[in-house]
Protein chains: 2
Amino acid sequence: MREGPDIARIASLVGDPARANMLSALMGGTALTASELALEAGVSLPTASSHLSKLMEGGLLTLASQGRHRYYGLAGPQVAGMIEAITGVAEAVGPKRVRPGPRDAAMRVARVCYDHLAGEQAVAMLDRLVDRNVLVRDDKEIRLGPSAASHFAALGIDVEAKARRPVCRACLDWSVRRSHLAGTLGAAILDKILAEKWARREKDSRAVVFSPTGKQAFEKVFLA
Amino acid sequence: MREGPDIARIASLVGDPARANMLSALMGGTALTASELALEAGVSLPTASSHLSKLMEGGLLTLASQGRHRYYGLAGPQVAGMIEAITGVAEAVGPKRVRPGPRDAAMRVARVCYDHLAGEQAVAMLDRLVDRNVLVRDDKEIRLGPSAASHFAALGIDVEAKARRPVCRACLDWSVRRSHLAGTLGAAILDKILAEKWARREKDSRAVVFSPTGKQAFEKVFLA
DNA sequence: GCGACACTTCGAGCATGGTCGAAACATTGC
DNA sequence: GCAATGTTTCGACCATGCTCGAAGTGTCGC
């Protein structure tokens, strides 16, 4: 008999269709209310509420109460990374889905992963940052390189800002099957992309769509 | 309602304690038989068999039939990565486990991996055998070198003995993260270590403990 | 205060699926 | 051939936990 961390408990939390739908919805990065999540999951409000308390108890969600609204969000990037990893396996072993539609294609190119950018663009960006020695990766770890502070300061991003969360983290991309950049730096870069209006979020989707000029600007800064 | 890859299906496969234990056991990289896995999971053989067919159907395992033995293994690194991600969350969220005891330390040094030796000693042994050209490794394959037959004959091990199972196999060591020697040769070496009483198996554990003189003998033969 | 709204708790119904013993099947060794 | 061993299938039992309607708690606007 095995011991150690109770992985079955965590996996079974994700293993219910209603809860899996809720978690997928929360992968967009915005906190949602119980009613919104009930709608996403296709269950009644009482059922949703019961699922949410289970997810809370399991430590997968955080709760922010604001008046009579209660906003549920993913507990952190580690949880997001886990969902992403499970999604990757589901995609790989699942029955080949119907021919990928346009939204799928957009998702593969760029999408939100909790609070940072994922997809081909994000993977390419991390590769390039490592090539240029701005970031350094040891096996699974990613650290700041010597020129990181000045490089990101030019973009208005302060990598020195103290934070509980690690500045850099690797997050496995389900569509490309390679890592992209998570952590506070990943979040700050996504913020910048949206703030500069290089790209906008697709309605009701995790897809992130770059405008032609925005794409040029992004590539100039991160893929040059 | 959400669409896309069926993450609930995959997660629920991992979400059963028996199956989670089996998958954890397989994280070592060695394929195991149904009986071994039943033991690991603490369930009866019929129950284990039922779980295994579900995991197979879900695409999480591969099966290698060899005579009346059927070896189950993880379907690939992506699946292993997913298990690792879930384990990480479970560890972060769950109660902190008790500080690793002496048995854990012993396990890292040397332990049984189904029928052969694993752990630091085993990894060092394989490295040395390859250095001395007794064995030759191409990428993930391990083959017998020119001097293998005479070298092992001196130890009373006949590497020419016909067997369905490969004579040499690489097996990924979970504690060292490098390969050690499996296959009939790996099994024969473990047999010799135990037969010569260089080491004994710890009760109810996979740990293998060398006696002081046994360790010297082992090192003289395999690590010199 | 009193409705309106957001959400949770309670209770009961119900399906899914985990469990094992017994028996069937398959392969090996003699 | 027959016995021994490893594994799967079958059948029946049973617990877990998902589900929703109805009722209860808390918060806001007026």
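Reminder, nothing fancy here: chain letters follow the sequence lines and each chain counts from 1.
The separation between B:Met56 atom CE and D:dT9 atom C1' is 17 Å, rounded to whole Å. B:Leu39 places its CG atom 16 Å from the C1' atom of D:dT5, with the value rounded to the nearest Å. Between A:Arg9 atom CZ and D:dG17 atom C1' the separation is 15 Å, expressed in whole Å.
B:Gln216 and B:Thr213 share no donor-acceptor pair across their side chains, judged by distance under 3.5 Å alone.
In this pair, B:Trp198 and B:Phe222 present their aromatic rings perpendicular. The plane angle is above 60°, beyond the 30 to 60° band.
For B:Lys215, the NZ atom counts as loosely surrounded, since its 6.0 Å shell holds 12 or fewer non-hydrogen atoms of other residues, nucleotides or ligands.
Within the structure, a side-chain polar atom (N or O) of B:His51 is placed less than 4.0 Å from OP1 or OP2 of C:dT19.
For A:Arg111 and A:Glu84, the salt-bridge test passes: some basic side-chain N is under 4.0 Å from an acidic carboxylate O.
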Atom pairs, N/O to N/O, protein against nucleotides 8-13 of chain C, distance under 3.5 Å?
residue : atom : partner : partner atom : Å
C:dT8   : OP1  : A:Arg70 : NE           : 3.3
C:dT8   : OP1  : A:Tyr72 : OH           : 2.6
C:dT8   : OP2  : A:Ser49 : OG           : 2.8
C:dT8   : O5'  : A:Ser49 : OG           : 3.1

Tabulate protein N/O versus nucleotide N/O from nucleotides 14-17 of chain C, keeping only pairs under 3.5 Å, one per line.
none

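Scanning both residues, B:His151 and B:Leu129, for their nearest heavy atoms gives CE1-CD2, 4.1 Å. Minimum heavy-atom separation, A:Gly58 to A:Leu13: CA-CD1, 3.7 Å.
Residue pairs meeting the side chain to side chain donor-acceptor pair (under 3.5 Å) criterion with at least one member in residues 42-58 of chain B, sequence neighbours excluded: B:Arg19-B:His51, B:Ser44-B:Thr47.
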